[in-house]
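This report concerns only the one structure given below.
All chains are named by letter (A, B, ...) in the order of the sequence lines, taking the proteins before the strands, and each is independently numbered beginning at 1.
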Number of protein chains: 2
Amino acid sequence: MAADQPRVLLVEDEPAQREVLVYNLKAEGFAVSCAVNGEDALLLVQEEMPDVIVLDWMMPRLSGIEVCRRLKIKPETRGIPVIMLSARSEEVDRVRGLETGADDYVVKPYSVLELMARVRAQLRRVRPATSGQVLTYDDIVLDGESHKVTRAEQELKLGPTEFRLLGTFMEKPGRVWSREQLLDRVWGRDIFVDTRTVDVHVGRLRKALTMSGGLDPVRTVRGAGYSLG
Amino acid sequence: MAADQPRVLLVEDEPAQREVLVYNLKAEGFAVSCAVNGEDALLLVQEEMPDVIVLDWMMPRLSGIEVCRRLKIKPETRGIPVIMLSARSEEVDRVRGLETGADDYVVKPYSVLELMARVRAQLRRVRPATSGQVLTYDDIVLDGESHKVTRAEQELKLGPTEFRLLGTFMEKPGRVWSREQLLDRVWGRDIFVDTRTVDVHVGRLRKALTMSGGLDPVRTVRGAGYSLG
DNA sequence: TAAAACTGTTACGTAACTGTCACAAAAGCA
DNA sequence: TGCTTTTGTGACAGTTACGTAACAGTTTTA
């Protein structure tokens, strides 16, 4: 599995909830670690240095709010975004009032989709622009930081959408993405765009990638979507 | 031809409600199956493996919450998103609903449009990767994520229907599927296609699988259907 | 400000895939 | 054995999904 998967630490004491969230987070392609209480959470944070923390409000012993407070005190963990899960909206207000420093909070009952979106949103913040890292596939190199793409040492000119599209593909080479998933990822949720638009942009990406002679690395999977390689 | 319709399982004991939802879900292009109580629901889930479940909270015998809990325990059904419908709006219930592992929650009275949107949203998440897993049978490997099928290390070229057909077979090797069941599963419900069409596609699948020398792994069960192995 | 770049949609050509049929082959049955 | 039923399969016409050029509207850049 990709060594540079985003790491998510989930802190939740209720087993059923935890299971579901773990399942979904993994399906999103995150590396998930779990803590079932506050102490474990603090230890695991040290050990794993996750990119984002999903933290339940109500927990035995050390409450989520306290965990969050402690994390935000230490300089080395302060930068990790914390998403709080809270059962009641009033308490969320209190959270806000107390300034625990949570970066986002989601009120139960939440939609899992929504929570995933928030996690991704926080990750984008921390690892800017599709993980400020450098992704490589074959002779294609995508530099998230400088926003530049090269193929065989040669720089390609991509529009913003093509860049994000390629970034998504390169996150998981070989994985087939449906048009809907790509719309979700590249265009953003709740956007009303025809699915065929994806085809057009894939076409443009292909053109850019093959401009100076390379083979087309984008695979069309009829009836399913597209993938890289 | 709307092959490959998403399958929705609706679990609702109240007839009027059920009618409305079935009507709307079908209008959206989903294949709908119904259960009127918890036990039926659990059985149907096994049989139909729906892509998403819409589950009423209050039901005789086995409550929605209990059905959901059980589904989320089993690994093979855990991945199916569950949308809970509840008549009560008190927060306690909402929270408990999610704690059982429901993926989304809609409070009655809801807007049908909203419910449809939620169903679609959940589907977008799981659909093409219905089985993001890798299935293996003998020297045949089907990778749901990359949509690739290999036999003896060699990649096979399958059309979408053959791919789904093989996927269905490989989910439960040895199980005999009737032509009707396969039409349901692979083509989608409410589709008017001659049952003999199944034969043709099985033939095509066989040809692809034996192209480079292997034995035919598909067994014909006269008078009953087909199975893998 | 104009020019350039980018976007989403449409329309149309094409290649791939689909479903049906007809007939051949096989399997069951008496 | 002959007769009936079921299955295998090549051929073919119809359909669908995809690739892409063109275009108009919008945003960004100079």
Side-chain angles (χ1 to χ4, degrees), chain A residues 147-149 155-167 169 176-188 190-211 215-228, chain B residues 1-5 29 127-128 147 149 155-167 169 176-211 215-228:
Chain A
H147 260 246
K148 282 185 176 160
V149 179
E155 186 169 344
L156 304 181
K157 217 173 133 326
L158 297 182
T161 307
E162 278 107 71
F163 183 83
R164 283 197 301 270
L165 189 56
L166 180 60
F169 281 140
V176 175
W177 302 82
S178 73
R179 290 170 175 73
E180 281 80 10
Q181 287 175 324
L182 290 172
L183 282 178
D184 260 20
R185 284 258 173 175
V186 176
W187 277 257
D190 310 325
I191 215 98
F192 162 65
V193 167
D194 195 277
T195 54
R196 286 306 307 282
T197 299
V198 175
D199 298 71
V200 177
H201 280 272
V202 166
R204 286 168 182 161
L205 175 59
R206 276 176 163 147
K207 191 186 256 180
L209 285 170
T210 55
M211 202 117 243
L215 281 179
D216 179 10
V218 181
R219 180 171 63 118
T220 302
V221 182
R222 185 168 251 257
Y226 298 97
S227 79
L228 185 67
Chain B
M1 205 115 313
D4 200 17
Q5 288 175 292
R127 204 59 225 309
H147 263 251
V149 179
E155 189 169 344
L156 305 182
K157 210 175 144 305
L158 299 182
T161 308
E162 279 115 69
F163 183 83
R164 286 197 301 274
L165 189 56
L166 179 59
F169 281 140
V176 178
W177 301 82
S178 73
R179 291 173 174 74
E180 283 78 13
Q181 285 174 322
L182 290 172
L183 281 179
D184 245 36
R185 209 74 165 44
V186 176
W187 276 258
R189 192 172 304 263
D190 309 328
I191 219 100
F192 72 103
V193 166
D194 196 278
T195 54
R196 289 305 309 281
T197 300
V198 174
D199 297 346
V200 177
H201 279 273
V202 167
R204 286 168 182 161
L205 175 59
R206 277 175 162 148
K207 189 187 256 181
L209 285 170
T210 55
M211 201 119 244
L215 281 179
D216 179 11
V218 182
R219 184 167 59 110
T220 303
V221 183
R222 181 166 249 256
Y226 299 97
S227 80
L228 184 67

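The NE2-C1' distance, from A/His201 to D/dT20, rounds to 13 Å in whole Å. Between B/Tyr226 atom OH and D/dT9 atom C1' the separation is 11 Å, expressed in whole Å. A/Leu165 has its CG atom 11 Å from the P atom of C/dT7, to the nearest Å. Per the geometry, CZ belonging to B/Arg196 stands 11 Å off C1' belonging to C/dA22, to the nearest Å. Going from atom NE2 of A/His147 over to atom P of C/dC6 covers 14 Å, rounded to whole Å. Rounded to whole Å, the distance from CZ on A/Arg164 to C1' on C/dT7 is 11 Å. The nearest whole Å value for the distance from the CG atom in A/Asp199 to the C1' atom in C/dA16 is 15 Å. Remark: C1' of C/dA5 and CG of A/Leu158 are 13 Å apart, rounded to the nearest angstrom.
The side chain of A/Trp187 sits closest to C/dG8 out of C/dA26, C/dA16, C/dG8. Among the nucleotides C/dT20, C/dC17, D/dG19, the one closest to the side chain of B/Val193 is C/dT20. Checked against D/dT7, D/dT20, D/dG10, the side chain of A/Val200 finds its nearest nucleotide in D/dT20.
Backbone-only contact: B/Arg206 has heavy atoms under 4.0 Å from sugar-phosphate atoms and none from a base.
At the phosphate of D/dG19, OP1 or OP2 sits under 4.0 Å from a side-chain N or O atom of A/Thr220. A sub-4.0 Å separation between OP1 or OP2 of C/dA4 and a side-chain N or O of A/Lys157 is absent. Within the 4.0 Å cut-off from OP1 or OP2 of D/dA21, at least one side-chain nitrogen or oxygen of A/Lys207 is found.
The closest side-chain heavy-atom distance from A/Val202 to A/Arg206 is below 4.5 Å. Counting heavy atoms from C-beta on, the side chains of B/Trp187 and B/Thr197 come closer than 4.5 Å. At a threshold of 4.5 Å between non-hydrogen side-chain atoms, the residues B/Glu180 and B/Val198 do not count as touching.
We find the CG-NE2 distance between A/Leu158 and A/His147 to be 11.0 Å, quoted to the nearest 0.5 Å.
For A/Arg204 and A/Arg179, each mapped to the nucleotide of DNA chain D holding its nearest heavy atom, the one lying further toward the 5' end belongs to A/Arg179. Taking the nucleotide of DNA chain C with the nearest heavy atom to each of A/Thr161 and B/Gly159, the more 5' of the two is matched to A/Thr161.
Evaluation of atom-type donor-acceptor distances gives a pair under 3.5 Å for the side chain of B/Arg222 against the base of D/dT6.
A distance-only check finds no donor-acceptor pair linking the side chain of B/Arg219 to the backbone of B/Ser227 [under 3.5 Å].
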